[in-house]
Amino acid sequence: MSDDRDAGLDLTRDDEISGEVSDQVESEEAIAALFEDYLAGFNDFDPEQICDCFALPATIWQHDRGYVFHDEDELMENIEALLEALDKEGVSLSSFQVSASHISGITAMVSLDWQQENADGEAVFEFTCHYHMMFDGEAWSIVMIINE
């Protein structure tokens with residue numbers, strides 16, 4: 001009889017672990033899709049697409065200062081200024097490599113090594129950003145970025 005109970009407990013544990021793995025894979029896929037949308041927004045110079053990747057309020061740390069964007073208008077203004085600066089510098093293509101990631105429940109942290117190139121394929125900017133995200137029950141969103 002104890003063998004049957006032990007077998008039942010093992011199956012329950014396996015089911016729980018299987019569910020956790022399934023949730024992890026779904027989260028990884030959803031986060032990857034979020035960053036593909038984010039990247040497409042940069043490559044299309046589409047501020048609305050980039051803005052849609054954020055939950056508000058959002059914080060962006062750059063040049064040792066944190067900027068909090070309380071609403072979409074504030075964030076859009078910042079994104080438009082960034083895209084304008086990238087255009088002025090001749091950036092025509094952005095790409096990234098994932099250098100680190102961690103998902104824990106409804107939060108995630110992803111570090112991306114970015115490269116932004118001009119039309120000749122020469123690097124204009126290379127930098128790393130650390131993204132903090134959360135899952136609101138429906139979708140993953142960026143809540144904070146720390147630029148190096």
Side-chain angles (χ1 to χ4, degrees), residues 9-148:
L9 289 174
D10 287 342
L11 288 174
T12 302
R13 276 190 225 123
D14 288 345
D15 288 345
E16 288 173 8
I17 291 169
S18 175
E20 290 173 13
V21 170
S22 176
D23 290 347
Q24 180 81 13
V25 169
E26 287 177 20
S27 291
E28 289 172 2
E29 290 171 352
I31 291 169
L34 171 72
F35 281 113
E36 288 303 317
D37 288 345
Y38 189 66
L39 176 63
F42 276 96
N43 285 330
D44 294 339
F45 283 77
D46 183 345
E48 289 179 14
Q49 187 170 4
I50 296 168
C51 189
D52 287 345
C53 296
F54 287 84
L56 297 171
T59 304
I60 299 176
W61 281 87
Q62 55 193 17
H63 309 297
D64 298 323
R65 291 191 55 171
Y67 302 88
V68 178
F69 302 95
H70 296 280
D71 60 42
E72 191 172 308
D73 290 339
E74 289 178 350
L75 183 58
M76 283 289 290
E77 185 177 321
N78 179 266
I79 293 169
E80 288 169 349
L82 173 60
L83 292 175
E84 192 174 298
L86 293 176
D87 187 43
K88 187 182 264 187
E89 291 294 327
V91 171
S92 61
L93 180 69
S94 296
S95 62
F96 63 76
Q97 294 291 322
V98 176
S99 58
S101 65
H102 177 77
I103 301 170
S104 179
I106 64 165
T107 63
M109 295 174 55
V110 176
S111 296
L112 302 179
D113 294 330
W114 284 88
Q115 183 168 11
Q116 295 177 314
E117 302 173 352
N118 62 22
D120 296 329
E122 296 172 1
V124 177
F125 298 112
E126 293 179 316
F127 56 94
T128 299
C129 287
H130 307 282
Y131 297 86
H132 297 241
M133 290 160 291
M134 75 173 194
F135 183 73
D136 68 3
E138 294 182 25
W140 286 94
S141 299
I142 299 167
V143 295
M144 183 171 67
I145 302 172
I146 300 173
N147 293 325
E148 278 188 32

Could you give the side-chain donor-acceptor pairs of residues 43-54 under 3.5 Å, partners two or more places apart or in another chain?
residue	atom	partner	partner atom	Å
N43	OD1	S94	N	2.6
N43	ND2	S94	O	3.1
D46	OD1	E48	N	3.1
D46	OD1	Q49	N	3.2
Q49	NE2	D37	O	3.2

Nearest 0.5 Å please: distance from the [atom1] atom of [X] over to the [atom2] atom of [Y].
X	Y	atom1	atom2	answer
M144	M109	CE	CE	7.5 Å
D73	L56	CG	CG	10.0 Å
C129	I146	SG	CD1	10.0 Å

- request: Apply side-chain contact (heavy atoms from CB on, under 4.5 Å) to V91 and N118, showing your working.
  value: CA-CA 5 Å; V91 171; N118 62 22; over 6 Å; no
task: Scan residues 57-110 for pairs that pass ring pair (Phe, Tyr, Trp, His ring centres under 6.0 Å), counting only residues two or more places apart or in two chains.
output: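 Non-adjacent pairs meeting ring pair (Phe, Tyr, Trp, His ring centres under 6.0 Å): F96-W114.
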- prompt: So which pairs with a foot in residues 128-148 pass ring pair (Phe, Tyr, Trp, His ring centres under 6.0 Å), sequence neighbours left out?
  reply: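 Qualifying pairs: F35-Y131, Y38-Y131, F135-W140.
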message: One pair to check against side-chain contact (heavy atoms from CB on, under 4.5 Å): L34 and I142. What are the steps and the verdict?
response: CA-CA 9 Å; L34 171 72; I142 299 167; 4.1 Å; yes
Minimum heavy-atom separation for [X] and [Y], please, with both atom names.
X	Y	answer
M133	V110	CE-CG2, 3.3 Å
A119	S92	N-OG, 3.2 Å
I31	A108	CD1-CB, 3.7 Å
I145	N147	CG2-OD1, 3.4 Å
A55	V143	CB-CG1, 3.8 Å

task: List for me each residue that meets side chain to side chain donor-acceptor pair (under 3.5 Å) alongside E72, sequence neighbours excluded, and say none if there are none.
output: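 In terms of side chain to side chain donor-acceptor pair (under 3.5 Å), with neighbours along the sequence ignored, E72 is linked to no residue.
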field: Counterpart residues, side chain to side chain donor-acceptor pair (under 3.5 Å), relative to E126 (two or more places apart)
entry: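 Checked E126 against side chain to side chain donor-acceptor pair (under 3.5 Å); matches are Q115.
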Residue pairs involving residues 74-88 (criterion side-chain hydrogen bond (donor to acceptor under 3.5 Å, both in side chains); sequence neighbours excluded):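 For residues 74-88, and leaving out neighbouring residues, there are no side-chain hydrogen bond (donor to acceptor under 3.5 Å, both in side chains) pairs at all.
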message: Quick check against the 3.5 Å criterion: does T128 have a side-chain atom that pairs as donor or acceptor with the backbone of E148?
response: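 Here the side-chain-to-backbone pair does not exist.
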